[in-house]
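In this chain, residues are counted from 1 in sequence order. For the numbers below, each heavy atom of this structure counts, side chains included, while hydrogens, waters and symmetry mates do not.
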Amino acid sequence: MAHKVVNALDESGTQVALVARIGQDLSRYRLRFSHLGFVVRNHSNGKWSVVHDLNLCGTDASQLYVQGLGNFFSDDLFVYEAAIMLLPDDLQKKLEKMLTSSTVIARFHTPKYNLVAYPFSTLYQNSNQWALELMASAMAEEGDVISRQEAQRWLQGAGYEPTLLRIPATTRLGARMFKANVAFNDHPGEYRWSDQIYVVSVESVFDFMRKRFPNSTRRILVSE
């Protein structure tokens, strides 16, 4: 899978792109891909690295990683399939500069991990949320977005729409009791009481990018 993704990236001529994998079965929520990261090409040797936020083995913590594509796809995936989103050239240049700075990527990272983190709260964060908020900083006017709060305000103003999951109270209670990486207390009460849980999903990020750059984004599917 890593080899196929490398070939697709090389053929595209891109420098920075989004890459998604299927780490778990989300079909009950009508979602395909579960986890999102950035792929960046090294100018000196042409090799690709993945920069992403990763939950630490089901705990309530996460950490930023820079890995090869082989490691990215060796994580006991549910299905070996990938989605690549190619980005506008000017956005690639901004992201490349940001992704090679440990200070910048850490600025948008909260280590308190929550699989279903509310998209417009900074209490927790899920992996896709980190990627989206970093992109918000790259898409905004320079200097306008330098914190998570500013990223979330910018995304709301730019029309980002999170994914709605219908999760009943009994399911939420069980998940909260038995999974350290699941919490719902960051979601507004009016949503929780009506079983509406909004999250940053891979599909919501892809949809937002396609709407914002309809003529300069392209999605590539890579399968076994």
Side-chain angles (χ1 to χ4, degrees), residues 1-27 29-55 64-100 104-105 108 126-139 155 158 160-163 199-224:
M1 176 55 59
H3 181 68
K4 289 181 177 181
V5 169
V6 166
N7 286 342
L9 289 167
D10 287 343
E11 290 173 3
S12 73
T14 194
Q15 184 65 34
V16 178
L18 293 171
V19 62
R21 68 188 186 192
I22 306 175
Q24 55 185 308
D25 182 10
L26 297 177
S27 58
Y29 303 113
R30 299 182 181 179
L31 297 172
R32 181 68 172 166
F33 296 93
S34 63
H35 183 73
L36 188 68
F38 298 95
V39 279
V40 186
R41 183 197 285 273
N42 186 302
H43 283 285
S44 60
N45 58 23
K47 292 184 177 180
W48 293 92
S49 296
V50 182
V51 185
H52 62 136
D53 181 26
L54 195 60
N55 180 216
L64 296 176
Y65 284 84
V66 180
Q67 297 179 322
L69 278 160
N71 285 335
F72 185 73
F73 289 110
S74 66
D75 229 0
D76 191 26
L77 303 186
F78 179 70
V79 175
Y80 281 92
E81 183 174 301
I84 302 167
M85 173 157 278
L86 305 182
L87 304 170
D89 290 342
D90 57 342
L91 181 57
Q92 288 185 51
K93 292 175 183 177
K94 291 179 181 179
L95 284 170
E96 182 181 8
K97 185 177 180 180
M98 297 173 71
L99 291 165
T100 52
V104 173
I105 63 175
F108 295 93
N126 75 16
S127 300
N128 303 325
Q129 191 175 12
W130 169 79
L132 177 62
E133 291 174 3
L134 186 72
M135 280 200 298
S137 181
M139 288 185 284
L155 287 163
Y160 167 72
E161 297 181 6
T163 293
V199 299
V200 178
S201 68
V202 172
E203 294 298 343
S204 71
V205 174
F206 281 0
D207 287 345
F208 176 63
M209 298 304 291
R210 281 194 292 257
K211 290 176 183 176
R212 191 161 184 85
F213 306 104
N215 299 318
S216 52
T217 55
R218 183 161 61 94
R219 179 169 171 167
I220 301 171
L221 291 178
V222 182
S223 58
E224 288 184 281

*Roughly how far apart are W48 CH2 and Q15 CD, rounded to 0.5 Å?*
6.0 Å
*Looking at residues at least two apart in the chain, or sitting in another chain, which of them share a ring-ring contact (aromatic ring centres under 6.0 Å, His included) with Y160?*
F208
*Is there a side-chain contact between N7 and K4 (heavy atoms, below 4.5 Å)?*
no
_Validation row: V205, M85 side chains within 4.5 angstrom (heavy atoms)_ = no
*To the nearest 0.5 Å, how far apart are CG in L91 and OG in S216?*
8.5 Å
*Using the test salt bridge (charged side-chain N to carboxylate O under 4.0 Å, His left out), find all partners of D10 that sit at least two apart in sequence or belong to another chain.*
R41
*Kindly check if the number of other-residue, nucleotide or ligand heavy atoms within 6.0 Å of CZ (R210) is above 12?*
yes
*Please assess T14 against L9 for the test side chain to side chain contact (heavy atoms under 4.5 Å, CB included), listing each intermediate value before the final yes or no.*
CA-CA 6 Å; T14 194; L9 289 167; 4.0 Å; yes
*Any donor and acceptor pair, going by atom type alone, linking the side chain of S223 with main-chain N or O of E81 inside 3.5 Å?*
no
*Measure the shortest side-chain to side-chain distance between V104 and K97 over non-hydrogen atoms and say whether it is less than 4.5 angstrom.*
no
_Is it the case that the side chain of K94 and the backbone of M139 share a donor-acceptor pair, with hydrogens and angles ignored and the cut-off at 3.5 Å?_
no
*If we only count heavy atoms from C-beta on, is the L87 to M209 side-chain gap below 4.5 Å?*
yes
*Kindly say whether L54 contributes a backbone atom to a donor-acceptor pair with the side chain of W130 at under 3.5 angstrom?*
no
*What pair of heavy atoms forms the shortest contact from S204 to S201, and how long is it?*
OG-O, 2.8 Å
*asked:* I want to check something: taking the side chain as every heavy atom from C-beta on, are L132 and F108 in contact at a cut-off of under 4.5 Å?
replied: no
_Sidechain-backbone polar pair: S49 side chain, V66 backbone, donor-acceptor under 3.5 Å_ = no
*Quick one: which of L36, V202, T217, L95 gives a side chain to side chain contact (heavy atoms under 4.5 Å, CB included) with L18?*
L36
Side-chain donor-acceptor pairs of residues 68-76 under 3.5 Å, sequence neighbours excluded:
unit_1 : atom_1 : unit_2 : atom_2 : d
S74    : OG     : G70    : O      : 3.4
S74    : OG     : N71    : O      : 2.9
D75    : OD2    : R21    : NH2    : 3.3

_Nearest heavy-atom neighbours spanning F38 and A131_ = CZ-O, 3.5 Å
*asked:* Using every non-hydrogen atom in the two residues, find where A82 and F33 come nearest and quote the distance to one decimal.
replied: C-CE2, 3.7 Å
*Compare all side-chain heavy atoms of L134 with those of I105 and state whether any distance is below 4.5 angstrom.*
yes
_Looking at S34, is its backbone amide N or carbonyl O close enough to the side chain of N128 to form a donor-acceptor pair, meaning the two atoms are under 3.5 Å apart?_
yes
*In chain order, what residues pass the side-chain contact (heavy atoms from CB on, under 4.5 Å) check against Y29, with sequence neighbours excluded?*
L26, L31, L165, I167
*Considering residues at least two apart in sequence or located in another chain, which fulfil the salt bridge (charged side-chain N to carboxylate O under 4.0 Å, His left out) criterion with R219?*
E203
_With sequence neighbours excluded, residues passing salt bridge (charged side-chain N to carboxylate O under 4.0 Å, His left out) with R212_ = none
